[in-house]
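Only one structure is covered here, and it is reproduced in the block below.
The structure displayed is predicted, hence computed values, not measured ones.
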Amino acid sequence: MATATTDIQFSGLAKCLVQEGLLSETDAQTHIQDAQKKKIPLISYLVTNQLVDSNAVANIASIEFGVPYLDLDALDLQDLPISLVSEKLIRQHHALPLYKRGNRLFTAISDPTNFQALDEIKFHTRLNTETILVSEDKLTKAIETALDAADSSMSDLLDEDLDNLDISSGEEDPQADEGDSDIDDAPIVRFVNKILLDSIKKGASDIHLEPYEKTFRIRFRSDGILHEVASPPANLANRIISRIKVMSRMDIAERRVPQDGRIKMSLSKNRAIDFRVNSCPTLFGEKIVLRILDPTSAQIGIEKLGFEEEQRKLFLDAIAKPYGMILVTGPTGSGKTVSLYTGLNILNSTERNISTAEDPVEITVPGINQVNMNVKAGLTFAEALRAFLRQDPDIIMVGEIRDLETAEIAVKAAQTGHLVLSTLHTNDAPQTLNRLLQMGIPAFNIVSSVLLIMAQRLARRLCEHCKQERDLPDNVLLSAGFLESELNQLKVYGPVGCDHCNDGYKGRVGIYQVMPLTDTMRTLILEGGNTMELAAQAKADGINDLRASGLEKVRQGITSLEEIDRVTKD
């Protein structure tokens, strides 16, 4: 057993590790300082950097401090009393509640001298805390697993939970969610709650409630395609729609004009889903459409969007530039917002001031200043942009460039040292350049501000469980755009359908045309080139159009030829 030979004084776990010879005094002093700088516990620092063996430390500490040791592999992490302690406390102190006996809470920690953790947990839970020693590496994994399980617990909700879902209007007014006694009858409440919950479980993006003369239809949009999921009796249509209007703070007495509202559903302590609600009067009643806004959809990571390697490099290079304009184009529902927020999440840091103007804000992100447009109050995209430029911005995102005024301010911002990201509704990247010209932006301003234009579509992914190879005639493959030289090795798959998917598809993948403005492209714009000439130049520069990018996904077995025909047809 090692003994101290210098005047350095250690206490707690560090002293134990030095005495047992797992660390020298000099190394211990260095590691303590490094852990303090990084604001993490010493044991976490040591195990993460593989400086000590996690199990050896746990065994030594258990004997030295007289604390019982437990192998976390023996516990079912799904049954932990995770709700007793906040996620913030669990992560801050690296402590995990294991089980509760009477007024005692047994808590797993890897450092038995971490008395502050036990004291704070005792204070917040009003329970006596008992220490259980576990190895650091298993504790780290257990914390993540337990917190993830708490987040996903909504998937295990039973029918009896439908009356008690935490649903509000998403407004700050505390009286806003008191409901209407005429609408708040239990069967309707349960049915509407179940529809909202089912839509989240099935990964839907929208819910459509449609009244007709003799029928009432409810449909979910999943992977871009609408599917009918319920057909309640037509005489219940008004009660169901009124219930949703009450939840979203709409005027249930007004049925002649469209209305907008919002619903917030809390699934767990750490996850909430927003629904953007719109009503529209039709011949046989009000149609309601709910757009499901899941904050996690903007945090999927660039590697999962569907970029080819060269396309991803072009996009990352563009957002790394200190100034200029990046435009994303495509129809509604093509994933433009997710692409923009993926870029913003990469750029989001304490060193950058990021502001967005959106109509409306669909996904909230900490660290980004998001502004909701309010045309009635005079807050337009142009006004928001003017305000941003007076607030020392680094990066600006404009939800959509709709008019000349917004376009001019955005171009000016891109030319004066700001990175500007925005969207336009055009079919492909070359058309976007012509759209800017038609708006009235001079060609010399376009070539001096635009860095990159990205057109995109979303195609459904083939289900990995049931996709099947297709034997298509050569003439069909050639007319689709494949080369004759690749026909012998080409494998084309199609949908089948199984319990894991919707009609042979599950999830979606992006198809992109990522077009940087090269010097030759800029010259062509200044010379007044039309859309066809710009498209030809992009092809000459080696830029795949949407069709070519889609065929690459077919070659990779990710999607089917029919799906590419659906999303890339002119």
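Salt bridge annotation for Arg262-Asp274: present, with a cationic side-chain nitrogen under 4.0 angstrom from a carboxylate oxygen. Contact check on Glu563 versus Arg457 returns no salt bridge, with no Lys/Arg side-chain nitrogen under 4.0 Å from an Asp/Glu carboxylate oxygen.
Taking Thr523 as the reference, nothing meets the side-chain hydrogen bond (donor to acceptor under 3.5 Å, both in side chains) condition, with sequence neighbours excluded.
Residue-environment remark: CG (Asp519) stays at or below the threshold of 12 foreign heavy atoms within 6.0 Å. The local environment of OH in Tyr323 is sparse, with at most 12 non-hydrogen atoms from other residues, nucleotides or ligands closer than 6.0 Å.
Put simply, the side chain of Thr329 gets close to the backbone of Thr426: a donor and an acceptor are under 3.5 Å apart. A side-chain donor-acceptor contact under 3.5 Å links Gln311 to the backbone of Glu308. Panel note: side chain Thr559, backbone Val554; no donor-acceptor pair is recorded below 3.5 Å.
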Is there a salt bridge (charged side-chain N to carboxylate O under 4.0 Å, His left out) between Arg402 and Asp359? Walk through the geometry before answering.
CA-CA 12 Å; Arg402 298 174 179 171; Asp359 186 19; 3.4 Å; yes

Should Lys313 and Asp317 be marked as a salt bridge (charged side-chain N to carboxylate O under 4.0 Å, His left out) after you check the CA-CA gap, both sets of side-chain angles, and the distance that decides it?
CA-CA 6 Å; Lys313 184 177 183 302; Asp317 287 347; 3.1 Å; yes

For Asp223 and Arg460: C-alpha separation, side-chain torsions, deciding distance, then whether salt bridge (charged side-chain N to carboxylate O under 4.0 Å, His left out) applies.
CA-CA 6 Å; Asp223 298 334; Arg460 291 178 293 170; over 6 Å; no

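In this structure, the side chains of Leu305 and Val338 come closer than 4.5 Å at one or more pairs of heavy atoms.
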